[in-house]
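These notes concern the structure reproduced below.
Lettering follows sequence order; numbering is per chain, from 1.
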Protein chains: 2
Amino acid sequence: MEEKEISKAVIRRLPRYYRYLGELIESGVERISSSELSSRMKVTASQIRQDLNNFGGFGQQGYGYNVKFLYSEIAKILGLDKKHNVIIIGAGNLGHAIANYVAFEKRGFIMTALFDINPERIGKKIRDIEVLPLSELEAYIKENEVDIATLTIPKTAAKEVAERLVNCGVKAIWNFAHTDLNLPEDVLVENVHLSESLMRLSYNITSVEKSREEQK
Amino acid sequence: MEEKEISKAVIRRLPRYYRYLGELIESGVERISSSELSSRMKVTASQIRQDLNNFGGFGQQGYGYNVKFLYSEIAKILGLDKKHNVIIIGAGNLGHAIANYVAFEKRGFIMTALFDINPERIGKKIRDIEVLPLSELEAYIKENEVDIATLTIPKTAAKEVAERLVNCGVKAIWNFAHTDLNLPEDVLVENVHLSESLMRLSYNITSVEKSREEQK
DNA sequence: ATATAAATGTTAAATTATTGTCAACAATTA
DNA sequence: TAATTGTTGACAATAATTTAACATTTATAT
């Protein structure tokens, strides 16, 4: 069976569909048409159908989509039906915030350990998750399955730690450091560059201001 | 003078150019060609030139781009040459992390206040930034200029607080809550949906695993 | 001075993504 | 049981984005 490549644009949208479907389930909606969903999500119905049909026909003509079924199908597509062990490197505020966010657990992301170099932080616990010394990183990964490593450390340390992770066989990194990690192709990196996000907002503010000035 | 609309794709890339140029300055590079930059950034040179020429011709034939000049021009485009006052609503770990991240300040984003409902947090200070009771939000905004409001609160509270902000005239929201804020068109919202980012990573992990299985 | 190489800015082509349309068919109603 | 309505999935049309090509300008070396 041959797989066609799914475009990044589609993947970007999938989690949002998933979120809306979850909300629909919570509010007791059992079925929904693409056009109803499209008006709630403010995208075209055509796009919803096109996106979903990349993965198969989940709907039924004359009926629409069964919300629970579609929700669970998207979960499978996103790999949320499996557990992922996640470690967090950097037990600062951001690391804490992520470790504390229990909703991740519900989606199958199990936070198993934190690492830090600061002796004051080492040994403490966040929820049930212990803060270990960074020096034990390799030993820990050898003993425990780690599916995702989260980098919440300054960019100066990030590249080096990323390489250590890759050397231990970690294949997926969730990177919050403000730098690009140049890693081998088979290592998946998902970047969360907060400063870039803030700059985009700043651009939009500036561009609104400019167009307002020109109108005068 | 008429303005052509700049596409979102271009804006998404601008901060990354800015970051690379900053690094080049730090390492003492004075000039750079689009092709040299392209190989460092792993994008096409054509795209770099095309992107930059949306805003004007910053380079010189036969020479390339002057790094410092281009850096400052992109700063202007992104509005980083102006100060932006930023408040943070939600003084939990994520709010703390953002308030503590001093590099934002360097780009002109001045964190001026935090707000929370938890009495234990109120009155404390993060760096020099005071945590105020959320009930004083409106009064604060009336007295102080607020350019950007950051939402680091649970989704249940986010929509309501967002409306309060808009009612006070706040025009730009940096939203970390896992929900879409449905606000008037003239309010700028930049979303940082961490769970969606993590799901995209999960998708990619899953899809690699699948293709590996099929090869067997 | 002049020739050559380098590199931009710009136009055109190719690719990718989004939107619109409609036949087919399920669900519902008469 | 037949007719009607609603809605998908597929495909065609359009729009947007990216890449490539190239003419032109400038820097640099001789």
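Residues satisfying the ring-ring contact (aromatic ring centres under 6.0 Å, His included) test with A:His193, not counting sequence neighbours, are none. Evaluation of the side chain to side chain contact (heavy atoms under 4.5 Å, CB included) rule for B:Thr112 yields B:Asn85, B:Ile87, B:Ile110, B:Tyr140 as partners, not counting sequence neighbours. In this structure B:Ser33 satisfies the side chain to side chain contact (heavy atoms under 4.5 Å, CB included) test together with B:Ser35, B:Glu36, sequence neighbours excluded.
The stretch residues 91-100 of chain B participates, sequence neighbours left out, in no side-chain hydrogen bond (donor to acceptor under 3.5 Å, both in side chains) pair at all. Pairs engaging residues 100-115 of chain B under the salt bridge (charged side-chain N to carboxylate O under 4.0 Å, His left out) rule: B:Glu105-B:Arg127 [sequence neighbours left out]. For the salt bridge (charged side-chain N to carboxylate O under 4.0 Å, His left out) condition, no pair includes a residue of residues 77-100 of chain A, sequence neighbours left out. Within the structure, the side-chain hydrogen bond (donor to acceptor under 3.5 Å, both in side chains) test picks out the following pairs touching residues 55-71 of chain B (sequence neighbours left out): B:Tyr18-B:Tyr71. Judged as a salt bridge (charged side-chain N to carboxylate O under 4.0 Å, His left out), the pairs with a partner in residues 45-58 of chain B (not counting sequence neighbours) are, in order, B:Arg13-B:Asp51. Residue pairs meeting the salt bridge (charged side-chain N to carboxylate O under 4.0 Å, His left out) criterion with at least one member in residues 172-183 of chain A, sequence neighbours excluded: A:Asp180-B:Arg16, A:Asp180-B:Arg19.
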Please report the C-alpha distance between B:Leu78 and A:Met199 in whole Å, then the side-chain angles of each, then the deciding distance to 0.1 Å, and finally whether the side-chain contact (heavy atoms from CB on, under 4.5 Å) criterion is met.
-> CA-CA 6 Å; B:Leu78 291 171; A:Met199 287 182 201; 3.9 Å; yes

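A heavy atom closer than 4.0 Å to some atom of DNA chain C occurs in B:Ser33, B:Ser34, these being the qualifying members of residues 29-42 of chain B.
The nucleotide range of DNA chain C contacted by chain A, defined by atoms under 4.0 angstrom from heavy atoms of the protein and reported 5' to 3', is C:dA17 to C:dT28.
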Take nucleotides 17-26 of chain D nucleotide by nucleotide from the 5' end and write B, S or -, depending on whether a protein heavy atom sits under 4.0 Å from the base, only from the sugar-phosphate, or from neither.
-> SSBBB--BBB

